[in-house]
2 protein chains.
Amino acid sequence: MGADGDLYESLRLELRRGSLTLGVLARLREERYGYTLRQALAADGLEMEESTLYPLLRRLETQGLLVSEWREEEKRRKRFYKLSADGEAMLLRLLDEWRRISRSLEKIIED
Amino acid sequence: MGADGDLYESLRLELRRGSLTLGVLARLREERYGYTLRQALAADGLEMEESTLYPLLRRLETQGLLVSEWREEEKRRKRFYKLSADGEAMLLRLLDEWRRISRSLEKIIED
DNA sequence: CTACATACTGTGTGTCACACACTGTATGGC
DNA sequence: GCCATACAGTGTGTGACACACAGTATGTAG
């Protein structure tokens with residue numbers, strides 16, 4: 001694929017960046033642990049590496065948007081994440097902004 | 001507004017990042033210079049600082065997606081930018097990806 | 001003829017997030 | 001005992017955006 005493909009890849013990543021956070025927040029309205037969260041997002045078409053997801057989860061928790069808890073399930077310790085109250089409010093604001101951007105881009109594209 | 005507002009701002013910026021590039025490329029299917037490009041994007045709802053736009057334009061030109069040319073118009077030297085052939089191809093690919101992400105997010109949101 | 005607005009194009013630096021490569025533990029099947 | 005896979009991370013590099021700043025040219029108010 002070469003240089004052109006690389007350029008596309010980097011622009012594509014750039015385009016996806018913010019959407020990952022939004023997808024994670026939205027999917028964590030239901031409690032989930034990392035592994036199944038990643039699978040759920042992949043099923044929706046938002047694939048990401050574990051090494052992208054876990055730092056993101058920790059960051060969001062540090063920022064107070066998520067709460068997490070270690071629990072034992074099926075003989076394994078798993079860390080369950082869920083949206084906090086602040087997280088819900090933030091999700092709503094970000095969804096608004098997402099829709100605004102979406103509309104702007106649609107307008108530009110159609111011209 | 002304080003810390004919460006700052007957090008929202010940074011997430012919002014993150015969300016907008018890739019879209020700026022896409023908007024610029026799409027708007028440059030017609031030749032424009034920096035100042036009017038910025039105004040056109042602002043009218044569409046995609047506002048950005050000059051100090052964001054100009055580095056972006058240079059980057060895109062370095063990557064071969066834009067071509068630019070200095071011309072005199074109304075007694076001022078202006079730098080006109082336009083999408084290159086490579087840029088058009090890239091724009092199409094990125095629009096595809098944008099639509100894919102958009103669909104993924106819609107799916108997640110609706111659940 | 002000076003002062004200021006505004007059209008117009010840039011540069012330098014800091015911050016922050018993602019991807020990539022890597023590490024590590026536990027369980028179950030063979 | 002061995003390997004796949006479920007599961008959770010860490011460390012580092014790269015690169016983009018925002019912010020603050022710099023600079024030129026033109027028109028216009030006083």
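Protein chains get the first letters and strands the later ones, always in sequence-line order, with residue 1 at the start of each.
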Q. With a 4.0 Å cut-off, would you call E106(A) and R103(A) a salt bridge?
A. no
Q: Give a yes/no answer on whether the side chain of R76(A) brings an N or O atom under 4.0 Å of OP1 or OP2 in dA8(D).
A: no
**Q.** Integer-rounded Å distance: dC21(D) P and E49(B) CD
**A.** 14 Å
Q: Check every strand shown and say whether E74(B) touches a base, only sugar-phosphate, or nothing at a heavy-atom separation below 4.0 Å.
A: nothing
Q.
What I'd like to find out is whether the side chain of L105(B) reaches to under 4.5 Å of the side chain of D44(A), using heavy atoms alone.
A. no
(Q) Can you see if the side chain of R17(B) gets near the phosphate of dC16(C) - specifically, an N or O under 4.0 Å from OP1 or OP2? (A) no
Q) How many Å lie between CH2 on W70(A) and P on dA8(D), as a whole number? A) 6 Å
Q. Quick one: Y54(B) OH to dT13(C) P, roughly how many Å, whole number?
A. 22 Å
(Q) Check this one for me: any side-chain N or O of Y33(A) less than 4.0 Å away from OP1 or OP2 of dC7(D)? (A) yes
(Q) Can you measure Y81(B) atom OH to dG10(C) atom C1' for me and round it to whole angstrom units? (A) 9 Å
Q. So, do E88(A) and L91(A) sit near enough that their side-chain heavy atoms are less than 4.5 Å apart?
A. no
Q) Within this structure, what is the CG-to-C1' distance between L15(B) and dC16(C), rounded to whole angstrom? A) 16 Å
Q. Any side-chain N or O of R38(B) under 4.0 Å from OP1/OP2 of dA7(C)?
A. no
(Q) Of the listed nucleotides (dA8(D), dA21(C), dC8(C)), which one gets closest to any side-chain atom of S51(A)? (A) dA21(C)
Q) Mapping E14(A) and Y35(A) onto DNA chain D by nearest heavy atom, which one lands closer to the 5' end? A) Y35(A)
Q: For E72(A) and dC7(D), give me the distance from atom CD to atom P, rounded to whole Å.
A: 13 Å
Q) Where the side chain of L20(B) is defined as all heavy atoms beyond and including C-beta, which of dA18(D), dA8(D), dG10(C) is the nearest nucleotide? A) dA18(D)
(Q) Nearest heavy atom decides the nucleotide; on that basis, is R79(B) or Q39(B) closer to the 5' end of DNA chain C? (A) Q39(B)
Q: Whole angstrom is fine here: how far is it from CD in E61(A) over to P in dA8(D)?
A: 13 Å
Q | Spacing between R58(A) atom CZ and dG9(D) atom P, to the nearest angstrom | A | 7 Å
(Q) Check the phosphate of dC16(C) against Q63(A), side-chain N and O only, distance under 4.0 Å to OP1 or OP2. Yes or no? (A) no
(Q) Can you work out whether T52(A) or K75(A) has the more 5'-proximal nearest nucleotide on DNA chain C? (A) T52(A)
Q: Ignoring backbone atoms, establish whether R16(A) has a side-chain N or O less than 4.0 Å from OP1 or OP2 of dA19(C).
A: yes
Q. Are any non-hydrogen side-chain atoms of L60(B) and L28(B) less than 4.5 angstrom apart?
A. no
**Q.** Min side-chain heavy-atom separation S19(B)-W98(A) under 4.5 Å
**A.** no
